[in-house]
Amino acid sequence: MSLKDTLMQDLKTAMKEKDKLRKDTITMVRAAIKQKEVDERVELSDEEVQSILQKQIKERRASIEEFKKGGRDDLIEKTEGEIKILEVYLPEQLSDEELTEIVRGVMEEHQITEKKQFGLLMKEVMPKVQGRADGKRVNEIATRLFQG
């Protein structure tokens, strides 16, 4: 079953169970998927749907930061719930240890030793962790490795 089919089934289930947060979250994601399909006149693959899910999660994490500044605990809680719902549809995320090993491996493979080669490092690491880690985490680990 494709990821879009899974989302549709889960939407139906959420509606039957009157789970408003899950229903609203899945509806928003399905709208984003549909919008991209209409704009580009294509049928999205599971990888492309995962990319949209990651983007949605990233946007929500940015929103949480803004809500914290504004002291909106109610919105923080709701948005964190949405993130948990969306993460279900992504592959299992890499642990910091696994991610560190991947970054180290790329650094050794491409003989990256200086901070000025950071762009090359990110370019090589991101396809390897696609869907299993976001760029912010990769960036943090790479920065730590350059410092240490």
Side-chain angles (χ1 to χ4, degrees), residues 1-11 13-14 19 21-37 39-40 42-148:
M1 182 182 306
S2 78
L3 201 46
K4 289 193 311 185
D5 293 339
T6 304
L7 284 164
M8 189 62 206
Q9 291 294 32
D10 290 353
L11 177 62
T13 303
D19 184 342
L21 181 63
R22 182 173 297 278
K23 178 186 81 75
D24 292 347
T25 303
I26 293 172
T27 301
M28 280 190 285
V29 169
R30 291 190 70 245
I33 292 166
K34 192 71 175 164
Q35 182 67 50
K36 186 157 179 97
E37 287 183 333
D39 289 349
E40 297 180 9
V42 293
E43 183 79 17
L44 295 180
S45 67
D46 279 355
E47 289 78 26
E48 292 165 317
V49 171
Q50 286 176 351
S51 175
I52 290 173
L53 287 165
Q54 287 174 313
K55 185 176 179 193
Q56 295 277 324
I57 290 170
K58 186 176 182 179
E59 289 172 2
R60 282 169 174 76
R61 286 192 175 126
S63 296
I64 286 175
E65 294 306 312
E66 294 301 314
F67 296 151
K68 284 180 180 174
K69 289 177 189 170
R72 296 293 311 263
D73 294 339
D74 56 330
L75 293 176
I76 292 171
E77 192 175 311
K78 177 182 180 271
T79 307
E80 285 173 344
E82 291 173 351
I83 290 172
K84 283 188 179 85
I85 291 167
L86 296 175
E87 286 176 336
V88 168
Y89 302 101
L90 292 175
E92 189 174 327
Q93 299 295 293
L94 293 168
S95 70
D96 282 350
E97 294 79 27
E98 292 169 318
L99 201 48
T100 302
E101 284 304 308
I102 291 171
V103 173
R104 270 200 187 110
V106 169
M107 287 173 82
E108 289 171 15
E109 182 182 334
H110 295 280
Q111 291 145 11
I112 297 173
T113 55
E114 298 175 3
K115 184 104 172 144
K116 68 181 181 184
Q117 296 171 299
F118 198 80
L120 173 64
L121 177 65
M122 292 298 285
K123 181 179 150 207
E124 294 296 326
V125 171
M126 289 312 293
K128 294 181 185 210
V129 299
Q130 188 68 42
R132 299 180 300 151
D134 70 345
K136 185 177 179 186
R137 280 187 58 218
V138 173
N139 188 325
E140 290 168 358
I141 288 173
T143 302
R144 206 171 332 133
L145 288 174
F146 276 122
Q147 290 171 349

Open item on the list: Salt bridge check, E124 against K128: does any charged N sit closer than 4.0 Å to a carboxylate O?
Closed with: no
Open item on the list: Within this structure, what is the CG-CD distance for the pair L75 and E80, rounded to the nearest 0.5 Å?
Closed with: 11.0 Å
Task: With sequence neighbours excluded, residues passing ring pair (Phe, Tyr, Trp, His ring centres under 6.0 Å) with F67 - done: none
Task: Derivation of the side-chain hydrogen bond (donor to acceptor under 3.5 Å, both in side chains) call for S45 and E48 - done: CA-CA 5 Å; S45 67; E48 292 165 317; 3.3 Å; yes
Open item on the list: Between K136 and D134 (salt bridge meaning N to carboxylate O under 4.0 Å), is one present in this structure?
Closed with: no
- [ ] Apply the test side chain to side chain contact (heavy atoms under 4.5 Å, CB included) to residues Q54 and K58: give CA-CA distance (whole Å), side-chain angles for both, the deciding distance (0.1 Å), then the verdict.
- [x] CA-CA 6 Å; Q54 287 174 313; K58 186 176 182 179; over 6 Å; no
- [ ] Assess whether side chain to side chain contact (heavy atoms under 4.5 Å, CB included) is satisfied between H110 and L121, documenting all intermediate values.
- [x] CA-CA 8 Å; H110 295 280; L121 177 65; over 6 Å; no
TODO: Before giving the answer on salt bridge (Lys or Arg N to Asp or Glu O under 4.0 Å), spell out for E40 and K36 the whole-Å C-alpha distance, their side-chain angles and the decisive distance to 0.1 Å.
DONE: CA-CA 6 Å; E40 297 180 9; K36 186 157 179 97; 3.0 Å; yes
- [ ] Salt-bridge test for K4 and E43: reply yes if a basic N is under 4.0 Å from a carboxylate O, no otherwise.
- [x] yes
Task: Carboxylate-amine/guanidinium proximity below 4.0 Å for K78 and E82 - done: yes
Open item on the list: Is the shortest side-chain heavy-atom distance between L3 and I33 below 4.5 Å?
Closed with: no
TODO: For D46 and Q50, test the side chains for any donor-to-acceptor distance below 3.5 angstrom and give the result as yes or no.
DONE: no
Task: Heavy-atom side-chain proximity of V138 to I102 below 4.5 angstrom - done: no
Open item on the list: Looking at M107, is its backbone amide N or carbonyl O close enough to the side chain of Q111 to form a donor-acceptor pair, meaning the two atoms are under 3.5 Å apart?
Closed with: no
TODO: Check whether any side-chain heavy atom of T113 sits under 4.5 Å from a side-chain heavy atom of F146, and report yes or no.
DONE: no
Open item on the list: Less than 3.5 Å apart, any donor N or O on the side chain of T13 or D10 sitting next to an acceptor on the other?
Closed with: no
TODO: Work out which heavy atom in G135 is nearest to a heavy atom in M122; give both atom names and the distance.
DONE: O-CE, 3.7 Å
Task: From CZ (R72) to CD1 (I64), nearest 0.5 Å - done: 13.5 Å
Task: Interatomic spacing from CD1 in I52 to CD in E37 - rounded to 0.5 Å - done: 7.5 Å
Task: Gap separating the NZ atom of K55 from the CG atom of L53, nearest 0.5 angstrom - done: 12.0 Å
TODO: Give a yes or no on whether K123 atom NZ has more than 12 heavy-atom contacts from other residues, nucleotides or ligands under 6.0 Å away.
DONE: no
TODO: Carefully, step by step, assess T27 and D24 under the rule side-chain hydrogen bond (donor to acceptor under 3.5 Å, both in side chains).
DONE: CA-CA 5 Å; T27 301; D24 292 347; 5.4 Å; no
Task: V106/L120 under side chain to side chain contact (heavy atoms under 4.5 Å, CB included): CA gap, chis, key distance, verdict - done: CA-CA 10 Å; V106 169; L120 173 64; over 6 Å; no
Task: Reported NZ-to-CE distance for the pair K23 and M28, which is rounded to 0.5 angstrom - done: 10.0 Å
TODO: Please confirm whether the backbone N or O of A62 pairs with a side-chain atom of E65, one donor and one acceptor, at under 3.5 Å?
DONE: no
TODO: Apply the test side chain to side chain contact (heavy atoms under 4.5 Å, CB included) to residues Q130 and E47: give CA-CA distance (whole Å), side-chain angles for both, the deciding distance (0.1 Å), then the verdict.
DONE: CA-CA 9 Å; Q130 188 68 42; E47 289 78 26; over 6 Å; no
Open item on the list: Please determine whether a side-chain nitrogen of the Lys or Arg among R137 and D96 lies less than 4.0 Å from a carboxylate oxygen of the Asp or Glu.
Closed with: yes
Task: Qualifying salt bridge (charged side-chain N to carboxylate O under 4.0 Å, His left out) pairs with a residue from residues 85-95, counting only residues at least two apart or across chains - done: R61-E87
Task: T6 and Q9: side chain donor to acceptor below 3.5 Å - done: no
TODO: Enter the distance from T25:OG1 to Y89:OH here, rounded to the nearest 0.5 Å.
DONE: 9.0 Å
TODO: For the pair R60 (side chain) and Q56 (backbone), establish whether a donor and an acceptor sit closer than 3.5 Å, ignoring hydrogens and angles.
DONE: yes
Task: Donor-acceptor pair, side chain of E108 and main chain of G105, under 3.5 angstrom - done: no
Open item on the list: Within a 6.0 Å radius of atom CD on E59, are there more than 12 heavy atoms belonging to other residues, nucleotides or ligands?
Closed with: yes
